[in-house]
Amino acid sequence: MAAEHHQHPLIAERIAKIEAIRQQGFNPYPYRYDRTHFAQEVVDQFEHLSESQENVRVCGRIMSLRRMGKASFCHLEDASGRIQIYIRRDDVGADVYNGLFKKLEVGDFLGAEGYAFTTKTGEKSIHAGAISVLCKSIHPLPEKWHGLKDKEIRYRQRYADLIMNPDVRRTFELRSRIIRETRLFMDGLHFLEVETPTLQPLYGGANARPFKTHLNALNIPLYLRIADELYLKRLIVGGFDRVYEICKDFRNEGMDRTHNPEFTMMEFYQAYADYYDMMNITEKLIQTVTQNVLGTLNITYQGMEIDLSTFHRAKWFDLIQTHTGFDTKSMDEAQLREVIHQLNETALELRTQFHQEHPNDSASQASVPEPIVVDDTMDRGHLLEEIFDVWVEPKLVQPTFVMDFPVENSPLAKKHRSDDKTVERFELYIANAEYANAFSELNDPIDQRERFEAQMGLKARGDEEAQVLDEDFLTAIEYGMPPTGGCGIGIDRLVMLLTDAPSIRDVLLFPMMRPLKGDENEPEAE
RNA sequence: GAUCCGCUAGCUCAGUCGGUAGAGCAUCUGCCUUUUAAGCAGGUGGUCCUGGGUUCGAGUCCCAGGCGGAUCACCA
């Protein structure tokens, strides 16, 4: 790689300039610079600064450069913004102007000292009396006008993306604020922030395939956590009444616009609370964070107008009935397969009709239902889930708590207090996507053991995402866990919603990318 | 995993019917002391993603592969 760099003429040219700068007695990589003002501060305090004519010292990366013989303009960019610098040979000295400044270019770091003034064209600027190089860049930046557009380079070389695209910086500043506001909110409710293991001898708390690794010291296999749920509930057993954790979870599954192998979740658990309490906290949390970060509860996500001031509540089976006409609550597996058969015929009719009416549009984009593909490994819970995903989820644009899930796929949730076909669980849907998942936590140790055993049955039937029985967790529950409400919120999804980002990659600084060929340091492939 | 689209100079992009690989910016040389996509004149720069095939001749057509994006499936 290094050899290639030296070969490239643009790089070689810049390395030669470094040598020239050194020969003139300047250090192209000095140690520090005393800054008095950020670029934006100079602009904000311009009236005062130009009045007083006091010296200001700014520093940053040269983002534009216009030379006119013995005088030049450039823009310096720092974390706050940009300021234009005016540099004349007769002000900084011929040695500096010819021996140093003429060897600098866009991408280099510069310190400039001078007084505030306004140019003929009215731009607030600094008239430099002295300049110094702070870092010589040898890799050319992308073009000033069109910038860096190639998505692959933007994700792989996020530093270049951040330099060239100010919106990207703003997105990640917002991400930071969203997480900070989330912590402030939880702390305000007297939740204790805790840390639980990332490396776990058994994975649990969600339906997902894990990453497997190995601990040499104990010679045992370990898994990267897929959720913190089971550890946080152990802490409720231990007597912490309110705990939360914001951390990375890892799931060894498909990658797409909404899934990265590692992602950030917040989970929180409150003793003596149920899923209604979790709904209230979740609603208030999202509203508070949104209001504090964006200053409004009316947002636009990918063209959808969303009003976060009202969160609707609807029961899972009621939504199915509303959108399909079928009352599926009491149906068994065979009946559900028949329902799906009928729905698929309806879906095909709808799609045919849609294509006749809109010959140029894509049916899936207009959320016309797809036919559902079923297979033998699917049990009643899976079949119901399919119906929901295809027929209901695309309709859920405004914030909606979907309540009371079928019992099969919620092995950690308590049965509904007045309906034994459902569990006390909700998911929050906004803009057709899921943002939170919560239950009244199951604390009956006998029931919990049976649910785990049912999951092990699913695993035997071929469901790789079924949960595994955690004996130590059962022991904890046997000691007694008070009634508890628990909730998980996908932080990346929330950031996507509030920054109007179409892909999870746009809210992760370094999203997972396939290594380039010849670029990997090849740890042995398995 | 499936389907579709993309990959040409450091960056952003053209490239017709298969016939000598182009532009702007950047870079280099010269001029230019209030410019702002500064300007003027001249120059350098290419594994056309990779490997096969068809052809007198392939950036262009065919096959296989790589990487990315979008959509679908599964999950959050």
Side-chain angles (χ1 to χ4, degrees), chain A residues 5 8-14 16-17 63-75 82 84-92 97 105-107 117-123 125 127 138-156 160 164 205-209 226-227 249-267 362-365 370-373 375 378 382 385-386 389-390 409 427-429 433-437 463-465 488-494 496 502-505 511 513-519:
Chain A
H5 277 170
H8 196 284
L10 290 176
I11 305 255
E13 195 67 54
R14 286 164 177 242
K17 285 178 182 174
M63 293 304 289
S64 71
L65 182 54
R66 293 170 293 284
R67 302 183 200 272
M68 295 148 301
K70 299 173 189 65
S72 302
F73 286 93
C74 67
H75 277 101
R82 287 186 179 198
Q84 181 172 255
I85 314 290
Y86 179 48
I87 299 164
R88 291 200 315 184
R89 187 195 66 183
D90 295 347
D91 295 321
V92 299
Y97 196 84
E105 57 212 307
V106 171
F117 83 114
T118 309
T119 62
K120 272 184 187 169
T121 50
E123 178 161 352
S125 307
H127 191 131
I138 65 168
H139 202 108
L141 283 181
E143 195 219 346
K144 61 188 171 192
W145 188 245
H146 297 93
L148 180 63
K149 288 184 173 174
D150 188 311
K151 281 202 168 189
E152 181 168 357
I153 301 176
R154 291 181 55 195
Y155 293 145
R156 287 189 192 277
M164 299 307 297
N207 297 331
R209 289 153 68 184
I226 59 172
D249 288 350
F250 305 85
R251 299 190 183 174
N252 208 341
E253 293 176 343
M255 293 166 54
D256 61 25
R257 208 180 68 255
T258 55
H259 297 85
N260 196 66
E262 59 177 289
F263 62 101
T264 303
M265 277 275 285
M266 176 170 78
E267 291 190 31
S362 157
S364 46
Q365 276 176 3
E370 302 264 348
I372 297 167
V373 181
D375 66 60
M378 297 166 85
H382 284 121
E385 211 172 283
E386 285 293 326
D389 287 349
V390 171
N409 281 341
E427 288 186 345
L428 171 62
Y429 281 86
E434 186 193 329
Y435 288 82
N437 181 19
D463 181 355
E464 293 187 74
E465 290 171 354
I489 296 179
I491 297 294
D492 309 294
R493 295 268 175 92
L494 184 61
M496 286 169 67
S503 167
I504 194 169
R505 290 187 157 143
M513 300 289 279
R514 188 183 293 274
L516 295 173
K517 218 176 178 183
D519 196 39

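If you measure from atom CD of A:Glu123 to atom C1' of B:U35, you get 9 Å, rounded to the nearest angstrom. For the pair A:Arg88 CZ and B:C32 C1', the computed distance is 15 Å after rounding to whole Å. Whole-Å rounding puts the A:Glu105 CD to B:C25 P distance at 17 Å. Rounded to an integer number of Å, the gap from CZ of A:Phe117 to P of B:U34 is 10 Å. Remark: P of B:U27 and CD1 of A:Ile138 are 16 Å apart, rounded to the nearest angstrom. As rounded to whole Å, 17 Å separates atom P of B:A76 from atom CG of A:Leu494. Summarising the geometry, the separation between OH on A:Tyr155 and P on B:C67 is reported as 18 Å, rounded to the nearest angstrom. Atom CZ of A:Arg67 is separated from atom C1' of B:U35 by 13 Å (rounded to the nearest Å).
Residue A:Asn260 is classed as a base contact, given a heavy-atom separation below 4.0 Å to a base. Using a 4.0 Å heavy-atom criterion, one finds that A:Met513 contacts the sugar-phosphate atoms exclusively. The residue A:Arg156 sits close only to the backbone: its heavy atoms come under 4.0 Å of sugar-phosphate atoms, none of a base. At the heavy-atom level, A:Glu386 lies under 4.0 Å from the strands shown only through sugar-phosphate atoms. At a threshold of 4.0 angstrom between heavy atoms, the contacts of A:Arg514 are confined to the sugar-phosphate backbone, with no base atom among them. At the heavy-atom level, A:Tyr435 lies nowhere under 4.0 Å from the strands shown. Within 4.0 Å (heavy atoms only), A:Asp492 reaches no atom of the nucleic acid at all.
With both ends at atom C1', the span from B:A64 to B:A37 equals 44 Å, rounded to whole Å. Between B:A58 and B:A21, the distance separating the two C1' atoms is 13 Å to the nearest Å. Nucleotides B:C5 and B:C62 have their P atoms positioned 11 Å apart, rounded to a whole Å. To the nearest whole angstrom, the two C1' atoms, one in B:G24 and one in B:G66, are 30 Å apart. Here the separation of B:G46 from B:C11, taken at their C1' atoms, is 15 Å to the nearest Å. Nucleotides B:G43 and B:G22 have their P atoms positioned 14 Å apart, rounded to a whole Å. Across B:G15 and B:C49, the matching P atoms stand 14 Å from one another, rounded to whole Å. For the C1' atom pair drawn from B:U29 and B:U44, the interatomic distance equals 10 Å after rounding to whole Å.
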Per-nucleotide protein contact string for nucleotides 5-12 of chain B, where B marks a base within reach and S marks sugar-phosphate only (heavy atoms under 4.0 Å, - for neither): -----BBS
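Within 3.5 Å, a donor on the side chain of A:Gln84 pairs with an acceptor on the base of B:U35, or the reverse. Taking only distance into account, the side chain of A:Asp256 meets the base of B:C74 through a donor-acceptor pair shorter than 3.5 Å. Not a single donor-acceptor contact under 3.5 angstrom links the side-chain atoms of A:Asp249 to the base of B:A76.
Map A:Lys151 and A:Glu427 each onto its nearest nucleotide of RNA chain B; the residue landing nearer the 5' end is A:Lys151. RNA chain B is contacted by both A:Glu385 and A:Thr119; A:Thr119 maps to the nucleotide lying nearer its 5′ end (nearest heavy atom per residue).
Taking a pair to require two hydrogen-bonding distances under 3.5 Å in either a Watson-Crick or a G-U wobble arrangement, B:C61 pairs with B:G53. In this structure, B:A41 forms a base pair with B:U29, meeting either the Watson-Crick or the G-U wobble geometry with both donor-acceptor distances under 3.5 Å. Of all nucleotides present, only B:G1 satisfies the Watson-Crick or G-U wobble test against B:C72, with each distance under 3.5 Å. Pairing partner, B:C7: B:G66, with both Watson-Crick or wobble hydrogen-bond distances short of 3.5 Å.
Side-chain nitrogen and oxygen atoms of A:Arg257 include at least one within less than 4.0 Å of the OP1 or OP2 phosphate oxygen of B:U71. At the phosphate of B:G24, neither OP1 nor OP2 sits under 4.0 Å from any side-chain N or O atom of A:Lys144. Contact check, A:Lys70 against B:U33: a side-chain N or O comes under 4.0 Å of OP1 or OP2. Within the structure, every side-chain polar atom (N or O) of A:Arg14 is placed at least 4.0 Å from both OP1 and OP2 of B:U27. Checking the phosphate oxygens (OP1, OP2) of B:A38, a side-chain nitrogen or oxygen of A:Arg66 falls inside 4.0 Å.
A 4.5 Å side-chain heavy-atom check between A:Met164 and A:His146 finds every atom pair outside the cut-off.
Residues passing the salt bridge (charged side-chain N to carboxylate O under 4.0 Å, His left out) test with A:Arg209, sequence neighbours excluded: A:Glu464. Legend: residues meeting side-chain contact (heavy atoms from CB on, under 4.5 Å) with A:Arg156, ordered by chain and number and at least two apart, are A:Glu152, A:Met513, A:Leu516. The salt bridge (charged side-chain N to carboxylate O under 4.0 Å, His left out) search around A:Arg89 returns none, not counting sequence neighbours. The ring-ring contact (aromatic ring centres under 6.0 Å, His included) search around A:Tyr86 returns A:Phe73, A:Phe117, A:His127, not counting sequence neighbours. For A:Glu427, the salt bridge (charged side-chain N to carboxylate O under 4.0 Å, His left out) criterion is met by A:Arg425, not counting sequence neighbours.
With B:U33, B:C28, B:A70 as the candidates, the nucleotide lying closest to the side chain of A:Lys17 is B:C28. The side chain of A:Arg493 sits closest to B:A76 out of B:A76, B:U34, B:U27. For A:Ser503, the listed nucleotide lying nearest its side chain is B:A70; candidates were B:A70, B:G69, B:A38.
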Go through it in stages, so that I can follow the logic: the residues are A:Glu385 and A:His382, the test is side chain to side chain donor-acceptor pair (under 3.5 Å), and I'd like the CA-CA distance, side-chain angles, deciding distance and then a yes or no. CA-CA 5 Å; A:Glu385 211 172 283; A:His382 284 121; 5.5 Å; no
Just do the side-chain contact (heavy atoms from CB on, under 4.5 Å) check on A:Leu148 and A:Ile153 with the steps written out, would you? CA-CA 8 Å; A:Leu148 180 63; A:Ile153 301 176; 4.0 Å; yes
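Taking OG of A:Ser125 as the reference point, atom CD of A:Gln84 lies at 4.0 Å (rounded to 0.5 Å).
Both thresholds, 5.5 Å between centres and 30° between ring planes, are met by A:Phe263 relative to the base of B:A76, so the two rings are stacked.
Using a cutoff of 4.0 Å between basic side-chain nitrogens and carboxylate oxygens, A:Glu105 and A:Arg14 are scored as salt-bridged.
When every heavy atom of A:Arg493 is checked against every heavy atom of A:Tyr435, the shortest pair comes out as O-CE2, 3.3 Å.
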